[in-house]
Every structure is written in structure tokens, then in C-alpha cells.
Peer 1: 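Provided herewith is a single structure, encoded as C-alpha cells, for subsequent inquiry.
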Amino acid sequence: RADFVDRGIKIPAGGEQMVETTISSGNIFADKPNVHTQWAEGLDFTEGSGTLFYPGCLASHRFKEKTNILARLLQAAGYVLDFLGDEQTCCGTPLWVTGNVENAEQWARDYLKKLQARGVKEIITPCPSCFRAFDEEYPELLGLEKFPITVRHTSAVLEEIVKQKKLKFTVPINKKVTYHDPCEIGRYRDIYDPARNIFDALPGVEFIEMTRNKENAFCCGGGGAVKTMFEDHSDTVAKERIQEFSSTGADLMTTICPA
């Protein structure tokens with residue numbers, strides 16, 4: 001994709017629109033900055049705590065209630081969270097995945113400056129794309145051996161809460177549950193166990209694996225700008241994954257990726 005951009009070859013229109021929207025509005029939905037904060041209603045954050053809760057575009061704009069619950073859970077477990085509020089913008093992944101490397105590099109440079117100026121030492125994010133952007137793509141774009149801020153996906157933090165018994169789970173769920181391994185922290189980062197360890201700790205959960213799981217898990221069809229640029233293909237992939245979920249007989253399909 002980067003070669004296409006360098007040679008002036010147009011990428012699918014959906015990809016070009018996503019790039020333009022991200023640059024002009026700071027998020028992939030063309031929403032105003034105040035929309036970033038709506039999910040956080042009723043929550044208090046501590047600027048300068050050093051631990052930044054970074055939901056990303058999808059979690060902030062499309063899954064507000066779930067994101068609010070997640071932040072409440074982390075705070076209940078003792079994590080003192082900072083939040084950028086209306087200063088939060090997209091991590092820049094849409095620029096990277098569409099081959100707009102020059103724009104992505106500048107985006108990463110500016111964002112790192114913003115985070116360091118705020119005193120951020122650790123980022124906790126529920127979005128695998130944001131996780132990889134900060135932890136992998138930023139260092140590559142900026143020529144760094146390692147990103148100077150610790151980046152953690154919320155699955156690892158929730159696993160930590162369970163293992164260290166920071167919260168007690170006492171209400172039985174009494175559901176059959178299966179789990180979709182997201183590509184970006186699964187096959188790209190080999191992170192498979194945290195979610196499963198969490199399920200083991202929840203009373204009343206009967207966990208059922210899908211046929212294709214862990215490193216062999218089938219894509220959901222929604223990540224990597226696929227849905228934006230190749231919607232028909234994305235829908236076909238998603239339908240196949242949903243059929244696989246249905247065949248498990250589980251009551252719930254869960255995942256740790258907002259895509």
C-alpha cells in the first residue's frame with residue numbers, strides 16, 4: 001500500500017476517505033472532539049497520574065457504555081487513570097494501514113510529544129490496533145528501538161486483576177461462552193491466554209472453544225481497514241465467523257477487540 005501511495009496509484013475510495021477524515025477531524029468517524037468524552041460521563045480521572053486510559057476511536061465513539069464500564073472496573077481495582085478528554089485523537093493506524101507513511105510518521109511524532117508532555121508512563125488500551133500502533137508502529141515510524149512508554153492491552157490488565165485478586169467475582173453468570181481471538185493481538189502478538197484465564201476465574205462460565213482458535217482463528221473481517229475498502233469481502237468473512245460461533249452452541253461470543 002505504501003508503494004501505491006508513493007507511485008500515485010489510488011487505493012480504494014473507502015481508504016482514501018478514511019485517511020482524509022482522520023486527518024481533518026482527528027477520528028475515523030468525522031465526529032467533533034467533544035464526542036471523545038461522552039463515554040466518560042460520571043467518571044473522574046487524574047491528570048498526571050502517569051497511567052493513561054486510551055480507548056481509541058471505536059471504543060470511544062461506538063461502544064460508549066462498554067468503555068465506561070471497563071474504566072469503572074479498572075478504577076475499582078485501584079488503577080489511577082488519566083484520560084486525554086477532547087484532546088484525544090485517533091492513534092493514526094488508518095494512515096499506516098493505507099500506506100500513508102509520511103503522514104503516519106508525523107502523526108506518531110506529534111502524539112509522542114503530547115504524551116510525554118503530559119507525563120504519561122503507561123498506556124492501557126482496549127483496542128488491539130491502538131495497542132500495536134503505539135507499541136510497534138510508532139517505534140518503526142520514528143526509528144526507535146522501543147517505544148518509551150509502556151503499552152498494555154486491557155486483557156493483560158484484567159488478567160492481572162484476576163491473578164492478584166484485586167476484585168472478587170461472586171455473581172454466577174451461568175452462560176456458555178466462546179471467544180474470538182482478534183488478529184492483531186493474536187496471530188500478530190501471540191496473546192491468547194489472558195482472556196481464557198479471565199473466563200476461568202468467572203463463576204458460572206462454561207467456556208467453549210470455536211473450531212478455529214488461537215493462532216488458527218479466523219478473521220472477523222473488520223480490521224486492517226478491510227471493511228472500509230473491501231466491504232463485500234468483509235461481510236463474507238464476518239458471516240463465516242458468525243456461523244462458526246453458532247455451531248458451538250454458546251450463549252455468548254466474546255472478544256477483546258472493538259472492530
Side-chain angles (χ1 to χ4, degrees), residues 22 25-29 31 33-96 104-142 144 146-161 164 166-167 182 184-185 189 191 194 256-259:
T22 300
S25 67
N27 63 84
I28 61 175
F29 301 112
D31 287 333
N34 68 316
V35 176
H36 286 301
T37 66
Q38 292 176 356
W39 69 266
E41 183 177 352
L43 294 174
D44 294 319
F45 295 93
T46 304
E47 183 173 346
S49 72
T51 300
L52 179 71
F53 183 66
Y54 181 89
C57 294
L58 277 165
S60 294
H61 295 249
R62 294 295 183 266
F63 300 99
K64 298 174 186 178
E65 182 180 3
K66 291 181 175 64
T67 303
N68 184 288
I69 292 170
L70 175 58
R72 287 178 184 275
L73 191 154
L74 294 174
Q75 290 179 332
Y79 295 86
V80 181
L81 304 177
D82 191 1
F83 170 52
L84 294 176
D86 58 13
E87 293 184 18
Q88 176 187 293
T89 57
C90 177
C91 66
T93 289
L95 310 178
W96 172 259
E105 180 181 334
Q106 188 59 51
W107 196 279
R109 195 179 310 281
D110 292 343
Y111 225 125
L112 177 56
K113 288 181 181 178
K114 177 191 292 187
L115 297 174
Q116 289 179 322
R118 197 175 178 96
V120 175
K121 305 298 182 185
E122 177 184 49
I123 298 170
I124 297 175
T125 179
C127 178
S129 293
C130 297
F131 170 71
R132 291 190 61 227
F134 290 124
D135 201 48
E136 292 181 41
E137 293 161 11
Y138 276 33
E140 183 173 345
L141 288 164
L142 301 178
L144 303 174
K146 183 180 180 181
F147 193 58
I149 298 171
T150 300
V151 187
R152 304 178 74 193
H153 187 267
T154 48
S155 60
V157 182
L158 294 174
E159 181 186 38
E160 179 178 88
I161 290 171
Q164 297 181 8
K166 294 182 178 183
L167 292 176
E184 295 213 50
I185 65 168
R189 292 295 296 263
I191 298 175
I256 47 177
C257 177

Peer 1: Cation over ring, R62 on F29, under 6.0 Å and within 45°?
Peer 2: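 Ring-cation test returns yes.
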Peer 1: What distance separates E122 CD from F53 CZ, expressed to the nearest 0.5 Å?
Peer 2: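 Result: 12.5 Å between the selected atoms.
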Peer 1: Tell me, do S129 and E184 make a side-chain contact under 4.5 Å, heavy atoms counted?
Peer 2: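 Of all side-chain heavy-atom pairs linking E184 with S129, at least one is under 4.5 Å.
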Peer 1: Donor-acceptor check, side chain of E160 to backbone of S155, threshold 3.5 angstrom: yes or no?
Peer 2: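 Absent.
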Peer 1: Indicate the atoms forming the closest heavy-atom contact of C127 with P55, along with that distance.
Peer 2: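 Heavy-atom minimum between the residues: CB-O, 3.9 Å.
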Peer 1: Quick check for you: to the nearest 0.5 Å, what is the distance between Q88 atom CD and C57 atom SG?
Peer 2: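 Taking CD in Q88 and SG in C57, the distance rounds to 7.0 Å.
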Peer 1: Which atom names give the shortest non-hydrogen contact between Y54 and C130, and what distance separates them?
Peer 2: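 Shortest heavy-atom separation between Y54 and C130 comes out as CE2-SG, 3.5 Å.
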Peer 1: Can a donor-acceptor pair be found, under 3.5 Å and without considering hydrogens, that links the side chain of H36 to the backbone of G85?
Peer 2: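 Pair absent, no side-chain N/O of H36 close to backbone of G85.
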Peer 1: How far does CG of L73 sit from OG1 of T154, to the nearest 0.5 angstrom?
Peer 2: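 It is 10.0 Å, given to the nearest 0.5 Å.
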Peer 1: How close do L43 and Q75 get, counting heavy atoms only, and between which atoms?
Peer 2: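 In terms of heavy atoms, the two residues are closest at CD2-OE1, 3.6 Å.
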Peer 1: Can you name the salt bridge (charged side-chain N to carboxylate O under 4.0 Å, His left out) partners of E136, sequence neighbours left out?
Peer 2: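 With neighbours one apart ignored, the set is R132, R189.
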Peer 1: Verify side chain to side chain contact (heavy atoms under 4.5 Å, CB included) between L74 and I161, making sure each step is shown before the conclusion.
Peer 2: CA-CA 8 Å; L74 294 174; I161 290 171; 4.0 Å; yes
Peer 1: Measuring only between side-chain heavy atoms, which start at C-beta, is I185 closer than 4.5 Å to I256?
Peer 2: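 Result yes, sub-4.5 Å side-chain heavy-atom pair found.
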Peer 1: Would you call S49 and Y79 a side-chain contact if the rule is heavy atoms closer than 4.5 Å?
Peer 2: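 Of all side-chain heavy-atom pairs linking Y79 with S49, none is under 4.5 Å.
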Peer 1: Treating K114 as the side-chain partner and E87 as the backbone partner, does any N or O pair qualify as donor plus acceptor under 3.5 Å?
Peer 2: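 Flag set: sc K114 to bb E87 pair under 3.5 Å.
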Peer 1: Report yes if some heavy atom in the side chain of W96 is under 4.5 Å from a heavy atom in the side chain of E140; otherwise report no.
Peer 2: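 Side chain of W96 against side chain of E140, heavy atoms only: contact under 4.5 Å found.
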Peer 1: Distance from F45 atom CZ to L81 atom CG, nearest 0.5 Å?
Peer 2: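 Separation between the atoms: 6.5 Å.
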Peer 1: Could you tell me the separation between the CZ atom of R118 and the CZ atom of F83, rounded to the nearest 0.5 Å?
Peer 2: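 Reported value, rounded in 0.5 Å steps: 9.0 Å.
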Peer 1: Counting C-beta onward and ignoring hydrogens, is there a side-chain heavy-atom pair between T22 and S25 closer than 4.5 Å?
Peer 2: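 T22 vs S25: side chains apart.
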Peer 1: Checking side chain to side chain contact (heavy atoms under 4.5 Å, CB included) for the pair C91/Y111: CA distance, chi angles, key distance, verdict?
Peer 2: CA-CA 8 Å; C91 66; Y111 225 125; 5.6 Å; no
Peer 1: Once ring pair (Phe, Tyr, Trp, His ring centres under 6.0 Å) is applied, do any residues pair with Y138, and if so which ones, sequence neighbours excluded?
Peer 2: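 Checked Y138 against ring pair (Phe, Tyr, Trp, His ring centres under 6.0 Å); matches are F134, F147.
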Peer 1: Do any N or O atoms from the side chain of T125 and from the backbone of F131 form a donor-acceptor pair under 3.5 angstrom?
Peer 2: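 No.
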Peer 1: Run the side chain to side chain contact (heavy atoms under 4.5 Å, CB included) test on L142 and R109 for me, step by step, so that the C-alpha distance in whole Å, both residues' side-chain angles and the decisive distance to 0.1 Å come before the verdict.
Peer 2: CA-CA 7 Å; L142 301 178; R109 195 179 310 281; 3.9 Å; yes
Peer 1: What heavy-atom pair brings T67 and S60 nearest, and what distance separates the two atoms?
Peer 2: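 It is OG1-N, 4.4 Å.
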Peer 1: Quick check on N34: does its CG atom have over 12 non-hydrogen neighbours (other residues, nucleotides or ligands) under 6.0 Å away?
Peer 2: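 Atom CG in N34 is packed in, count exceeds 12.
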Peer 1: Evaluate the side-chain proximity of T93 to E137: yes if any heavy-atom separation is below 4.5 Å, no if none is.
Peer 2: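 Side chain of E137 against side chain of T93, heavy atoms only: contact under 4.5 Å found.
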Peer 1: If we only count heavy atoms from C-beta on, is the P128 to P258 side-chain gap below 4.5 Å?
Peer 2: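 They are in contact (side-chain heavy atoms under 4.5 Å apart), so the answer is yes.
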Peer 1: Kindly write out the residues that satisfy side chain to side chain donor-acceptor pair (under 3.5 Å) with K64, not counting sequence neighbours, or none if the list is empty.
Peer 2: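 Partners of K64 by the side chain to side chain donor-acceptor pair (under 3.5 Å) criterion, ordered by chain and then number, come out as Q38.
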Peer 1: Locate the shortest heavy-atom distance separating L141 from A108; write the atom from each residue and the value.
Peer 2: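 Closest approach of L141 to A108, heavy atoms only: CD1-CB, 4.1 Å.
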Peer 1: For residues I149 and L112, determine if any side-chain heavy atom of one lies less than 4.5 Å from a side-chain heavy atom of the other.
Peer 2: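 I149 reaches L112 side chain to side chain.
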Peer 1: Taking it one step at a time, do D31 and H61 satisfy side chain to side chain donor-acceptor pair (under 3.5 Å)?
Peer 2: CA-CA 8 Å; D31 287 333; H61 295 249; 2.8 Å; yes
Peer 1: What is the distance from atom CG of D82 to atom CD1 of I124, rounded to the nearest 0.5 Å?
Peer 2: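 Reported value, rounded in 0.5 Å steps: 11.0 Å.
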Peer 1: Kindly say whether V80 contributes a backbone atom to a donor-acceptor pair with the side chain of T46 at under 3.5 angstrom?
Peer 2: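 Checking the backbone N and O of V80 against the side chain of T46, no donor-acceptor pair under 3.5 Å is found.
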